[in-house]
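Structure, as structure tokens:
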Amino acid sequence: MANQSLFEAARPNRTKQEKAMPAERVQPLKHKDLGELIVEWAKNPGSRPATNDNGEILDVDQFRKDVAHLVKIPEQIKRIVFVQPLKTGAEEFEYYIRLPLEELVMTSVQKAKDHDVSAQNDTDDPYPVPDFYEIFLNTAPDDRNHEAMLYRRIADYTFAHCH
């Protein structure tokens, strides 16, 4: 496994065509509504779609359809697993660090570098930040809806692939 990414190790039977396809990003469409759904899944595991004992969704195609109004999940994604840390004691719990695909990280790093170059050259190549951040920050402090912003951020952090 030394020369394999974790993704390759997890999917050893991918076809040459699958390996050649660039990774598509999951695209949240309605951050607030998606964030509310994620909070519900975190609070109430029974509200999640059917999974096996490892948290793997049993019918990914149906799940994709069920959440299509909230998030675009690329057809490339054939396996989705719910992972939630378990509290093991009053002061202890396990924590997972979810790493994005190397390809997505490298694409994002290049986009950020390109943005820095375009900013130095006064060209317009905005760094892709979801609109809701700017809207929130440009709203008068007394008029900000912090709960709605929290749900949007939860969706962004849960589904963003280092974008």
Side-chain angles (χ1 to χ4, degrees), residues 1-39 41-42 48-86 93-137 149-163:
M1 183 166 144
N3 293 329
Q4 277 186 318
S5 70
L6 184 58
F7 181 73
E8 289 294 329
R11 303 257 338 269
N13 299 322
R14 291 189 330 146
T15 66
K16 282 185 179 183
Q17 181 183 10
E18 285 179 313
K19 290 178 183 178
M21 293 171 56
E24 287 184 62
R25 295 177 191 273
V26 173
Q27 297 176 358
L29 304 172
K30 295 183 178 180
H31 284 86
K32 180 180 174 288
D33 296 339
L34 182 58
E36 289 173 344
L37 180 60
I38 294 165
V39 168
W41 289 337
R48 300 174 191 166
T51 63
N52 65 17
D53 291 341
N54 295 321
E56 184 175 340
I57 294 175
L58 298 178
D59 189 342
V60 173
D61 290 330
Q62 184 60 50
F63 176 72
R64 188 180 286 110
K65 290 175 190 171
D66 291 345
V67 298
H69 65 291
L70 300 175
V71 59
K72 181 182 181 276
I73 300 175
E75 292 294 325
Q76 279 181 304
I77 296 177
K78 304 294 184 194
R79 184 171 173 255
I80 299 173
V81 180
F82 282 100
V83 179
Q84 184 175 29
L86 302 173
F93 61 94
E94 53 187 357
Y95 189 81
Y96 298 96
I97 298 176
R98 183 182 64 102
L99 302 175
L101 291 173
E102 178 183 5
E103 176 184 339
L104 297 178
V105 169
M106 296 313 297
T107 300
S108 294
V109 167
Q110 188 59 53
K111 282 183 180 181
K113 287 179 180 181
D114 292 347
H115 170 73
D116 290 342
V117 168
S118 66
Q120 291 171 359
N121 295 329
D122 289 330
T123 57
D124 189 17
D125 183 21
Y127 182 76
V129 175
D131 293 344
F132 63 82
Y133 286 102
E134 185 177 353
I135 293 167
F136 181 81
L137 294 173
M149 181 61 173
L150 173 64
Y151 290 131
R152 289 179 179 104
R153 291 183 64 216
I154 288 170
D156 188 36
Y157 294 144
T158 300
F159 282 98
H161 293 283
C162 213
H163 196 351

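You'll find the side chain of I80 reaches within 4.5 Å of the side chain of I73, heavy atoms only. Taking the side chain as every heavy atom from C-beta outward, V67 and L37 approach each other to under 4.5 Å. The closest side-chain heavy-atom distance from P74 to I77 is below 4.5 Å. Side-chain atoms of L70 and L29, non-hydrogen and from C-beta on, never get closer than 4.5 Å to each other. Side-chain contact between F159 and H31: absent, with no pair of heavy atoms (C-beta onward) separated by less than 4.5 Å.
The local environment of CD in E134 is sparse, with at most 12 non-hydrogen atoms from other residues, nucleotides or ligands closer than 6.0 Å.
Here the side chain of K72 pairs no donor or acceptor atom with the backbone of H69 at under 3.5 angstrom. A distance-only check finds no donor-acceptor pair linking the side chain of N54 to the backbone of E56 [under 3.5 Å]. With hydrogens and angles ignored, the 3.5 Å screen pairs a side-chain donor or acceptor of Q76 with a backbone N or O of E24. Judged purely by atom type and a 3.5 angstrom limit, E36 has no side-chain atom pairing as donor or acceptor with the backbone of Y151.
Between A155 and G35 the shortest heavy-atom distance is CB-N, 3.6 Å. The minimum heavy-atom distance between I57 and P49, with the atom names listed, is CD1-CG, 4.0 Å. Closest non-hydrogen pair, R98 versus Y157, comes out as NH2-O, 3.0 Å. For the pair L34 and P28, the tightest heavy-atom approach, listed with the atom from each and the gap, is CD2-CB, 3.9 Å. Across all non-hydrogen atoms, the minimal contact from E75 to K78 is O-NZ, 2.9 Å.
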Apply side chain to side chain contact (heavy atoms under 4.5 Å, CB included) to residues Y133 and R153 and explain how you reach the verdict. CA-CA 9 Å; Y133 286 102; R153 291 183 64 216; 3.9 Å; yes

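Note that the CZ atom of F63 and the CZ atom of R48 stand 11.0 Å from one another [nearest 0.5 Å]. Between I38 atom CD1 and T158 atom OG1 the span is 4.0 Å, to the nearest 0.5 Å. We find the CZ-CG distance between R152 and D131 to be 11.0 Å, quoted to the nearest 0.5 Å. Here the straight-line distance linking atom NZ of K32 with atom CG of L150 works out to 11.0 Å at 0.5 Å rounding. Considering CZ of R25 and CG of L101, their distance stands at 9.5 Å, rounded to 0.5 Å.
For R64 and D61, the salt-bridge test passes: some basic side-chain N is under 4.0 Å from an acidic carboxylate O.
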